[in-house]
Amino acid sequence: MTTQSPVRHLFGLNPSSPELSQYLVTLTTHVSTPNPIIPQVKSYSDAVYLNYYALGLSLLFTPASDYKLKAGLELSELSNEQLFLDSLDIYNIPQSSASGPRSKGTSSRTAELMFSSFPLYPLVFDVGGEVKDKDGEVQPRPSHLEITSQTTGKDFVQCLGEPDRKGGGAGPSSGSIGIWCEWKRDGIMVEFGGDEAKGPQAWERGKDSVWKVITLFSPTSCN
């Protein structure tokens with residue numbers, strides 16, 4: 001029987017919750033970097049990011065209505081009981097061809113270069129329901145989406161159907177934005193990496209692109 005990954009159950013928890021702490025400890029058993037559960041803090045007026053670079057994981061916490069955040073806070077300065085996990089980013093590092101003509105444009109945003117790949121697969125999420133195919137026919141979806149480090153754009157679309165939103169891939173190959181897709185009903189946004197995800201023909205090649213970042217958030221209506 002396929003079991004959903006516990007990461008979805010972390011939503012709404014605060015940074016010091018036992019459940020979240022145990023999940024991070026579980027991830028550390030799959031990496032060799034010392035002290036990987038000590039995050040880098042990026043605080044702003046409306047949110048706090050805890051970046052676990054060695055785990056390929058970034059957690060976004062939003063504050064309670066009466067908790068006033070500010071930029072530049074240290075981990076020890078946070079009031080954990082007034083922060084709640086709102087979304088998270090899971091990182092993967094697709095391989096690029098060093099000699100390929102598009103490789104010059106595959107360097108990620110500076111902050112992303114600090115992340116290692118997420119260490120624990122597969123990631124499994126309950127999906128189910130129905131989607132319309134390209135001909136408008138209603139088709140049942142698989143009950144689960146199973147993600148590995150090699151899952152491609154084609155794999156996501158075959159399971160989830162056409163995305164509610166998508167973008168990126170425009171412009172010259174050097175410096176262009178990689179393609180991305182969002183499925184609101186599933187609370188999943190995927191950015192793709194590697195040579196296939198950039199440049200003027202990115203959408204033609206995108207089906208073969210391996211994912212680079214998965215953002216998980218609370219599902220919303222597509223309407």
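FYI, the numbering just counts along the sequence from 1. Note: hydrogens, waters and symmetry copies are ignored here, and every other heavy atom, side chains too, is used.
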- Message: When you measure from the side chain of Thr28 to the backbone of Val25, do you find a donor-acceptor pair of N or O atoms at a distance under 3.5 Å?
- Response: yes
- Drop me the distance from Ile90's CD1 to Leu55's CG, to the nearest 0.5 angstrom. 11.0 Å
- Under a 4.5 Å side-chain heavy-atom rule over Ile, Leu, Val, Met, Phe, Trp and Tyr, are Ile147 and Val127 clustered together? yes
- Query: Where do Phe11 and Ser87 come nearest, in terms of heavy atoms and distance?
  - Reply: CE2-CA, 3.6 Å
- Find the distance between CG (Leu20) and NE2 (His9) and round it off to the nearest 0.5 Å. 13.5 Å
- Query: For Ala197 and Ser209, which heavy atoms make the closest approach, and how far apart are they?
  - Reply: N-OG, 3.4 Å
- Task: Could you pull out all residues at least two apart from Asn80 that satisfy side-chain hydrogen bond (donor to acceptor under 3.5 Å, both in side chains)?
- Result: none
- Heavy-atom closest pair, residues Trp180 and Gly168: NE1-N, 3.6 Å
- Considering all heavy atoms of both residues, which atom of Glu19 and which atom of Leu10 are nearest to each other, and what is their separation? O-CD2, 4.2 Å
- Message: I want to check something: taking the side chain as every heavy atom from C-beta on, are Tyr49 and Pro39 in contact at a cut-off of under 4.5 Å?
- Response: no
- Query: Which distance, rounded to the nearest 0.5 Å, do you find between the CG of Leu13 and the CG of Leu83?
  - Reply: 12.0 Å
- Item | Distance-only side-chain donor-acceptor flag, Thr152 / Asp155, under 3.5 Å | yes
- Side-chain contact, heavy-atom cut-off 4.5 Å: Glu182 with Asp164? no
- Item | Tyr53/Phe115 under ring pair (Phe, Tyr, Trp, His ring centres under 6.0 Å): CA gap, chis, key distance, verdict | CA-CA 4 Å; Tyr53 293 121; Phe115 284 93; 4.7 Å; yes
- Measure across Leu50 and Phe61 and return the closest heavy-atom pair with its distance rounded to 0.1 Å. CD1-CE1, 3.6 Å
- Message: Tell me which pairs pass side chain to side chain donor-acceptor pair (under 3.5 Å) where either residue lies in residues 64-79, with sequence neighbours left out.
- Response: Ser79-Gln82
- Side chain to side chain, Leu145 and Asp186, heavy atoms closer than 4.5 Å: no
- Query: So if you build clusters from Ile, Leu, Val, Met, Phe, Trp, Tyr with side-chain heavy-atom gaps below 4.5 Å, do Leu123 and Val210 land together?
  - Reply: yes
- Task: Spell out, yes or no, whether Tyr52 and Leu27 are grouped together once hydrophobic residues are joined by side-chain heavy atoms under 4.5 Å, including indirect joins.
- Result: yes
- With under 30° as parallel and over 60° as perpendicular, where do the rings of Phe156 and Trp183 fit, or are they tilted in between? parallel
- Task: Taking the side chain as every heavy atom from C-beta outward, state whether Glu191 and Asp89 have any pair of such atoms under 4.5 Å apart.
- Result: no
- Query: Can you check whether Trp211's main-chain N or O pairs, donor with acceptor, with Asn92's side chain at less than 3.5 Å?
  - Reply: yes
- Same hydrophobic cluster for Ile37 and Leu120, using side-chain heavy-atom links shorter than 4.5 Å among ILVMFWY? yes
- Message: Please check: side-chain N/O of Arg8 versus main-chain N/O of Ser218, any donor-acceptor pairing under 3.5 Å?
- Response: no
- Task: To the nearest 0.5 angstrom, please state how far the CG atom of Asp46 sits from the CG atom of Asp86.
- Result: 10.5 Å
- Pro15 side chain reached by Leu78 side chain, heavy atoms, under 4.5 Å: no
- With distance as the sole test, does Ser117 use its side chain to make a donor-acceptor pair with the main-chain N or O of Ile93 at under 3.5 Å? yes
- Message: I'd like to know if the side chain of Ser5 reaches the main chain of Val124, judged simply by a donor and an acceptor atom lying under 3.5 Å from each other, with no hydrogens or angles considered.
- Response: yes
- When rounded to the nearest 0.5 angstrom, what distance separates CG in Leu59 from CG in Leu24? 6.5 Å
- Quick one: pull up CG in Leu60 and CG in Leu88 and give me the separation to the nearest 0.5 Å. 9.0 Å
- Query: Among the clusters formed by ILVMFWY side chains lying less than 4.5 Å apart, do Phe125 and Phe192 turn up in the same one?
  - Reply: yes
- I would like to know whether Arg185 and Thr220 meet side-chain contact (heavy atoms from CB on, under 4.5 Å); could you show each step before the answer? CA-CA 5 Å; Arg185 65 184 284 188; Thr220 59; over 6 Å; no
- Query: Going through the distances and angles, do Glu162 and Val157 end up as a side-chain contact (heavy atoms from CB on, under 4.5 Å)?
  - Reply: CA-CA 6 Å; Glu162 290 297 321; Val157 173; 3.6 Å; yes
- Kindly indicate, with the supporting measurements, whether the criterion side-chain contact (heavy atoms from CB on, under 4.5 Å) is fulfilled by Ser116 and Val31. CA-CA 10 Å; Ser116 298; Val31 299; over 6 Å; no
- Query: If we only count heavy atoms from C-beta on, is the Gln158 to Pro142 side-chain gap below 4.5 Å?
  - Reply: no
- Item | Donor-acceptor pair, side chain of Ser43 and main chain of Leu73, under 3.5 angstrom | yes
- Message: Between Leu216 and Ile188, is there a side-chain heavy-atom distance shorter than 4.5 Å?
- Response: yes
- Kindly give the heavy-atom pair with the smallest separation between Gly12 and Phe84, and that separation in Å. O-CD2, 3.3 Å
- Item | Test item: Arg141 and Leu160 side chains (from C-beta on) under 4.5 Å apart, heavy atoms | yes
- Query: Going through the distances and angles, do Phe118 and Ser149 end up as a side-chain contact (heavy atoms from CB on, under 4.5 Å)?
  - Reply: CA-CA 8 Å; Phe118 186 78; Ser149 62; over 6 Å; no
